[in-house]
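Before any comments, here is the structure.
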Amino acid sequence: MEMINLTINGQNVTAPAGSTILEAARKNGIYIPTLCYDEAVEVYGACGLCVVEAEGVPKLLRSCSAKISEGMVINTESERVVKSRKIAMELLMSAHDGDCIAPCQLACPANTDCQGYVGLIANGKFEDALKLIKNTNPLPASIGRVCPHPCEKACRRGKVEEPINIAQLKFFAADLDLKGEKYLPACAKATGKKVAIVGGGPAGLTAAYYLRTLGHEVTVFDMMDKMGGMLRYGIPQYRLPKELLDSEIALIEKLGVRLVNNVKFGKDITLDMLKSVNDAVILAPGAWKSSPMRVKGEDINGVYGGIDFLRSVIQGNPVPIGEKVAVCGGGNTAMDACRTAVRLGAKEVYVIYRRTEKEMPAEEIEIKESKEEGVIYKFLTNPVEIHEENGKVCGMTLQLMELGEPDASGRRKPVAIDGRTEYLSLDSVIMAIGQKLDPTDFSVVELTDRGTILADEDDFKTNIDGVFAIGDATNKGASIAIAAIGEADRCVKSVDAYLKGEELDFTPKYISKRDDERIDVSGKETKPRVVADVLDADVRKNNFDEVSLGLTVEQAKKEAERCLECGCREYFKCKLLQVAQRYDIHPERFAGEMPQKYTRDENAFIERNTAKCILCGLCVRSCKEVMDISAIGLLGRGFKTSVSPAFALPLDQTKCTNCGLCVKLCPTGALTEKSSLNKQVPLKEQYSIETVTVDGKACELLVSRYNGEVIRAVPNNDNARNCGLSREALMDLIKKD
């Protein structure tokens, strides 16, 4: 065989004469992107991504068709080539209408694969669902109960009727696990590296869990008598039973993480001490100081910070609140405080909020359940002064407000109404307007103007080498627990790279997103949201028993089945996305009217979504050249061209045998095996194996039927392949039988 010598990217290589540049490159392990090429079909050159630059040739060559020649010098990644590929990708992606990742997952600060575990629950694969959740969240039973679930706010099912009950599905799977054998991930071989973590809240525990699975030795130090941080000391028992939190923390300890309590940073341990015996340190102390309201009289006896009040109750030493209590604030901490006050026996509990109920950041269910328990809301009011009598709180003057113009957050700003005030007789006041880090012991690292630890938002490094910081104590301050967990998960990757002496690339990866405004869900059947039962208000307000009774197996499966499966099932193997993420592309500059529209169900096994199609032609060519069927073709002209059966007929009304070749070759997810919530239906299941006799030999055939009629007969053994009869003749034999 004659061999040709050439140079590709400065590398001297050889390839058989007659080879294309693409074949020569692949033979020598050199990557050239292409989306329309496959060895099974003739060269087409539709995508324009395989272009290369050849020395002495003025134009770019399509490597899938250009032949090699002796001494040829090729550059597959020159500036000119990359520019051409970027434009080609931008043009392709500008007409590609699909979600790489479901909006629920994108909205989750921890990037939890919500669609994935919801689909697994729908199919009864509860253990697999739990394992998938724990890829990004080691505390799902706890977080599922307390998370304000931004995933649900992004859920497209809400365009049909109501979002999927993602949070309750999460703790459903986690509760099943805790009642069973309890899943523990495998840990990598010991690395010999040690990491110290300051703070045993959700951020610190998450970092410890994932660092341990990577083989590092981890010790968590916490100032409280038990681990859990705000999950333990800031969330009431009726929302998060501490026995359940203990079970999840016990699993982290069982993994090999060392937990050390009653150790105060800056007093019992110092940063220098930790650095001297560890290879890295993560600061995750949380935000334990209640924010002041700067209201006259807030230092009077009987005025408490929201977090301080909740912690006193959880530790078994509740502060005295009397019979008349006002809670100032509109977030979930305010909800926890007012509902806890009810359970402590207060006769009148008020929530003071300067905006309307519509603007409250608290969860709607918390507001609803608190009202059922007797909490009284004073909307459009703001504390002016707290009054005292005999050295303690006796009342509060409230300024009446009205809504003005929107503020920086987009909410209408409350404005005082001149001369309008109201007086409330009270025994105590709880300020639940926020919390922050007490920076006293953390001045050893650089702090922000807000008094929080300054940490890089990509790699979480502080100004001290080997010291990282995450969670409520950093940068913008306190947020929701799942945000702290998400930071911890990303920080672990950064710490691991630091321990290995590696650098991470923080360049955002390109993904395709659909325009919500253009999505039509009018044809979807409405199904009511399934919500777990709760204790009756008259019962629950007198104790700290968990309010939610959780979902049953039947309820969980029924609710999970409502998922619309927005994210692409081909995400992890999508060739289009792999190429798109190699280049810094901006398809929006070519944005225009999308020429393709989603194709509704028309086949039991193959799902066609022409909105994702890039017209590479692989499906059309493979159906014609390999299978000799031509069930589909290119329909229309110009920008309105689409892949479709003749006359736009349903696929079931063609000679399609559902062989799956088009699905296998599709680079975009425009053709996929039909599934129901991740339950894949193998294409071959539609075939029956039937036998005919030719010249005394048993010939096995894979037979496909439509409405009882034979539409395809494919040889399934050597007798059938070598019998000398055409496929049409074999089909006739089957029909006669």
Side chain to side chain, M72 and I21, heavy atoms closer than 4.5 Å: yes

In residues 128-137, what donor-acceptor pairs under 3.5 Å come from side-chain atoms, sequence neighbours left out?
{"residue": "T136", "atom": "OG1", "partner": "T112", "partner atom": "OG1", "Å": "3.3"}
{"residue": "T136", "atom": "OG1", "partner": "I133", "partner atom": "O", "Å": "3.4"}
{"residue": "N137", "atom": "OD1", "partner": "L139", "partner atom": "N", "Å": "2.8"}

Should M93 and S512 count as side-chain neighbours, where that means a heavy-atom distance under 4.5 Å? yes

Could you tell me which non-hydrogen atom of L61 sits nearest to which non-hydrogen atom of A54, and how far apart they are? CD1-CB, 3.7 Å

With a sphere of 6.0 Å drawn around CD of E127, does it hold more than 12 non-hydrogen atoms of other residues, nucleotides or ligands? no

Quick one: closest heavy-atom pair of C151 and C104, and the distance? CB-O, 3.5 Å

Counting only heavy atoms from other residues, nucleotides and ligands, does the tally under 6.0 Å from NZ of K27 exceed 12? yes

Could you work out, with side-chain contact (heavy atoms from CB on, under 4.5 Å) as the rule, every residue matching D99, not counting sequence neighbours? R156, K513, R514, C566

Do E457 and R490 meet the salt-bridge criterion of a basic N to acidic O distance under 4.0 Å? no

Find out whether K624 and V620 are in side-chain contact, i.e. whether some heavy atom of one side chain is under 4.5 Å from a heavy atom of the other. no

Is R157 salt-bridged to E161, going by a charged N under 4.0 Å from an acidic O? yes

Taking all atoms of both residues into account, what is the closest heavy-atom pair of H96 and I614, and its distance? ND1-CG2, 4.4 Å

Just to verify, what does N111 make a side chain to side chain donor-acceptor pair (under 3.5 Å) with, not counting sequence neighbours? Q105

Here the pair of heavy atoms bringing C563 nearest to Q115 is SG-CG, 4.2 Å

I need the minimum non-hydrogen distance between I121 and A560, along with the two atoms involved. CG2-CB, 4.0 Å

Which residues pass the side-chain contact (heavy atoms from CB on, under 4.5 Å) test with C666, not counting sequence neighbours? T668, A670, L671

Exceeds 12 heavy-atom contacts within 6.0 angstrom, atom CG of D515: yes

Can you name the nearest heavy-atom pair linking S94 to L91, along with the distance? OG-O, 2.7 Å

Main chain of L504, side chain of K493: is a donor-acceptor contact present, judged purely on distance under 3.5 Å? no

Going by salt bridge (charged side-chain N to carboxylate O under 4.0 Å, His left out), name the residues that satisfy it together with K153, two or more places apart in sequence or in a different chain. E363

With sequence neighbours excluded, what pairs up with E152 under the salt bridge (charged side-chain N to carboxylate O under 4.0 Å, His left out) test? R529

By ring-ring contact (aromatic ring centres under 6.0 Å, His included) - contacts of F171 (at least two apart): none

Could you give me the CA-CA distance, side-chain angles and deciding distance for R518 and D97, then say whether side-chain contact (heavy atoms from CB on, under 4.5 Å) is met? CA-CA 10 Å; R518 297 176 55 248; D97 187 23; 3.4 Å; yes

Any side-chain heavy atom of N719 within less than 4.5 Å of one from V694? no

Going by salt bridge (charged side-chain N to carboxylate O under 4.0 Å, His left out), name the pairs with one or both residues in residues 58-75, residues two or more places apart or in two chains. none

Taking the side chain as everything from C-beta on, heavy atoms only, tell me whether C616 gets closer than 4.5 Å to K575. no

Decide yes or no for L701 and T691: does some side-chain heavy atom of the first lie under 4.5 Å from some side-chain heavy atom of the second? no

Under-4.0 Å salt bridge between E554 and K557: no

Side chains of V553 and F172 in contact at under 4.5 Å (non-hydrogen atoms): yes

Tell me whether K573 is salt-bridged to E570, with the criterion being a basic N under 4.0 Å from an acidic carboxylate O. yes

For A631, enumerate each residue passing the side-chain contact (heavy atoms from CB on, under 4.5 Å) test, keeping only those at least two apart in sequence or located in another chain. C623, I629, T654, C656

Could you walk me through whether V82 and E79 satisfy the side-chain contact (heavy atoms from CB on, under 4.5 Å) test, starting with their C-alpha distance in whole Å, then the side-chain angles of each, then the deciding distance to 0.1 Å, before giving a yes or no? CA-CA 5 Å; V82 170; E79 182 179 347; 6.0 Å; no

Determine, stepwise, if the pair M627 / C659 fulfils side-chain contact (heavy atoms from CB on, under 4.5 Å). CA-CA 9 Å; M627 300 307 294; C659 67; 3.9 Å; yes

E588 meets the side chain to side chain donor-acceptor pair (under 3.5 Å) criterion, sequence neighbours left out, with H586

Would you find more than 12 non-hydrogen atoms of other residues, nucleotides or ligands less than 6.0 Å from K558 atom NZ? no

Taking only residues two or more places apart in sequence or in another chain, which ones pass side-chain contact (heavy atoms from CB on, under 4.5 Å) with E2? I4, A17

Determine all donor-acceptor pairs shorter than 3.5 Å in which one atom belongs to a side chain in residues 28-51; sequence neighbours excluded.
{"residue": "N28", "atom": "ND2", "partner": "T14", "partner atom": "O", "Å": "3.2"}
{"residue": "N28", "atom": "ND2", "partner": "A24", "partner atom": "O", "Å": "2.8"}
{"residue": "D38", "atom": "OD2", "partner": "A40", "partner atom": "N", "Å": "2.9"}

Just so I know, are the side chains of V579 and P667 near enough to count as touching, which here means a heavy-atom distance under 4.5 Å? no

The test is side-chain contact (heavy atoms from CB on, under 4.5 Å); show your working for V81 and L60 and say whether it passes. CA-CA 7 Å; V81 166; L60 296 179; 4.0 Å; yes

